[in-house]
Protein chains: 2
Amino acid sequence: MISSKELLISKGVKPTLQRMKIYKYLHGKKTHPTADEIYKVLVKEMPTMSKTTVYNTLNMLAKKGLISVVTITGTEVRFDGEMYSHHHFLCEKCGKVIDIVLECPVCREKEIFGHKIKETHGYFKGICGACRSGND
Amino acid sequence: MISSKELLISKGVKPTLQRMKIYKYLHGKKTHPTADEIYKVLVKEMPTMSKTTVYNTLNMLAKKGLISVVTITGTEVRFDGEMYSHHHFLCEKCGKVIDIVLECPVCREKEIFGHKIKETHGYFKGICGACRSGND
DNA sequence: ATGACTGCAAAATATTTGCATATTC
DNA sequence: GAATATGCAAATATTTTGCAGTCAT
């Protein structure tokens, strides 16, 4: 079991305190927070944390392949600390983004119609189970 | 062959001049413009066209199922006038959003893990054929 | 001391809202 | 003339940028 710190180092990322806090906050979390949500939580325990650093770090971690970007809502970018292949479901009622783990042949493609594929994202939109049964 | 006007009426949308212009601009177009791009084009031939109306109309048409929302970039919402099922490819180099028509078993699902699915979106990101071969 | 990182403030971008005017049935 | 639609301006939300200060090697 490799530590978060070693993981960052192995990808060539200098493990500063801010970066560790941000990465650890995302990793293993089932929610898919925005940069602003992450900032608001972390600034409480680290008052000097700035939003710029949160954005810088998230974009850098995404580029390094350590976290992934979820653009399901369109008006804001959400982040996911889990890198195994999975889809996302957005509930139109409660706004939650839920992980959907399934086999998807289309996601295995690395090239299509001459275009080189680096990332694949599958998004579903609808009403989640909890909202359907009235258990928010 | 049903006209755009009749199509809007059949979905309960009053076919005002502004709405017709916006719908016609999107429908049959292969690009996936933002609200701002649509506004900039249409305001030239119709100087009173306002951005508010463009946003209102696009959101309303999307809700009525006449156009679809493409959230592949995350920082802005794009719109697609074609409603047949297809995926999208975003080129990281030139920024183009390209339609990808393929068979996808996952897209046929109407419910998953108890969640009611209303929409499915498949997004690919990478380098498009033109950028790979240097023909921008 | 050099280069990398952080953080504040301001700018840029995208979208929504309040409200007054105009249009339609 | 009531309801609906439009349009301007202002507000809000999200993300990026410029730059000065800090930290680590």
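Predicted model, so just to flag it, every value in this text is computed and none were measured.
Smallest separation of non-hydrogen atoms from B:Met20 and B:Ser4: CE-CB, 4.0 Å.
Every residue was checked against the ring-ring contact (aromatic ring centres under 6.0 Å, His included) condition with B:Phe79, not counting sequence neighbours, and none meets it. The salt bridge (charged side-chain N to carboxylate O under 4.0 Å, His left out) test applied to B:Lys125 returns no partner, not counting sequence neighbours. A:Glu103 is linked by a side chain to side chain contact (heavy atoms under 4.5 Å, CB included) to A:Arg108, counting only residues two or more places apart in sequence or in another chain. The salt bridge (charged side-chain N to carboxylate O under 4.0 Å, His left out) search around A:Glu6 returns none, not counting sequence neighbours.
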For nucleotides 2-7 of chain C, list the nitrogen or oxygen atoms of the protein found under 3.5 Å from its nitrogen or oxygen atoms, one pair per line.
residue: C:dC5; atom: OP1; partner: A:Arg19; partner atom: NH1; Å: 3.2
residue: C:dC5; atom: O5'; partner: A:Arg19; partner atom: NH2; Å: 3.4
residue: C:dT6; atom: OP1; partner: A:Thr16; partner atom: OG1; Å: 2.5
residue: C:dT6; atom: OP1; partner: A:Gln18; partner atom: OE1; Å: 3.3
residue: C:dT6; atom: O3'; partner: A:Gln18; partner atom: NE2; Å: 3.1
residue: C:dG7; atom: OP1; partner: A:Gln18; partner atom: NE2; Å: 3.3
residue: C:dG7; atom: OP1; partner: A:Thr48; partner atom: O; Å: 2.9
residue: C:dG7; atom: OP1; partner: A:Thr48; partner atom: OG1; Å: 3.0
residue: C:dG7; atom: OP2; partner: A:Ser50; partner atom: N; Å: 3.4
residue: C:dG7; atom: OP2; partner: A:Thr53; partner atom: OG1; Å: 3.1
residue: C:dG7; atom: O5'; partner: A:Thr48; partner atom: O; Å: 3.0

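Under the 4.5 angstrom side-chain criterion for Ile, Leu, Val, Met, Phe, Trp and Tyr, B:Ile127 has no cluster partners at all. Through chains of ILVMFWY side-chain contacts below 4.5 Å, A:Val101 is grouped with A:Tyr84.
Using a 4.0 Å cutoff on non-hydrogen atoms, the parts of residues 69-78 of chain B near DNA chain C are B:Thr75, B:Glu76, B:Val77, ordered by number.
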Output side-chain donor-acceptor pairs under 3.5 Å for residues 56-70 of chain A, partner residues at least two apart or in another chain, one line each.
residue: A:Asn56; atom: ND2; partner: A:Thr52; partner atom: O; Å: 3.4
residue: A:Thr57; atom: OG1; partner: A:Thr53; partner atom: O; Å: 2.7
residue: A:Asn59; atom: ND2; partner: A:Tyr55; partner atom: O; Å: 3.3

I'd like a table of donor-acceptor pairs (distance under 3.5 Å, sequence neighbours excluded) in which one partner is a side-chain atom from residues 7-19 of chain B, with atom names and distances.
residue: B:Ser10; atom: OG; partner: B:Leu7; partner atom: O; Å: 2.7
residue: B:Thr16; atom: OG1; partner: B:Arg19; partner atom: N; Å: 3.3
residue: B:Arg19; atom: NH1; partner: B:Lys14; partner atom: O; Å: 3.1

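Screening residues 24-35 of chain A for salt bridge (Lys or Arg N to Asp or Glu O under 4.0 Å) gives no qualifying pairs among residues at least two apart or on separate chains.
Boundaries of the chain B contact region on DNA chain D are D:dT4 to D:dA9, first to last in 5' to 3' order (nucleotide atom under 4.0 Å from a heavy atom).
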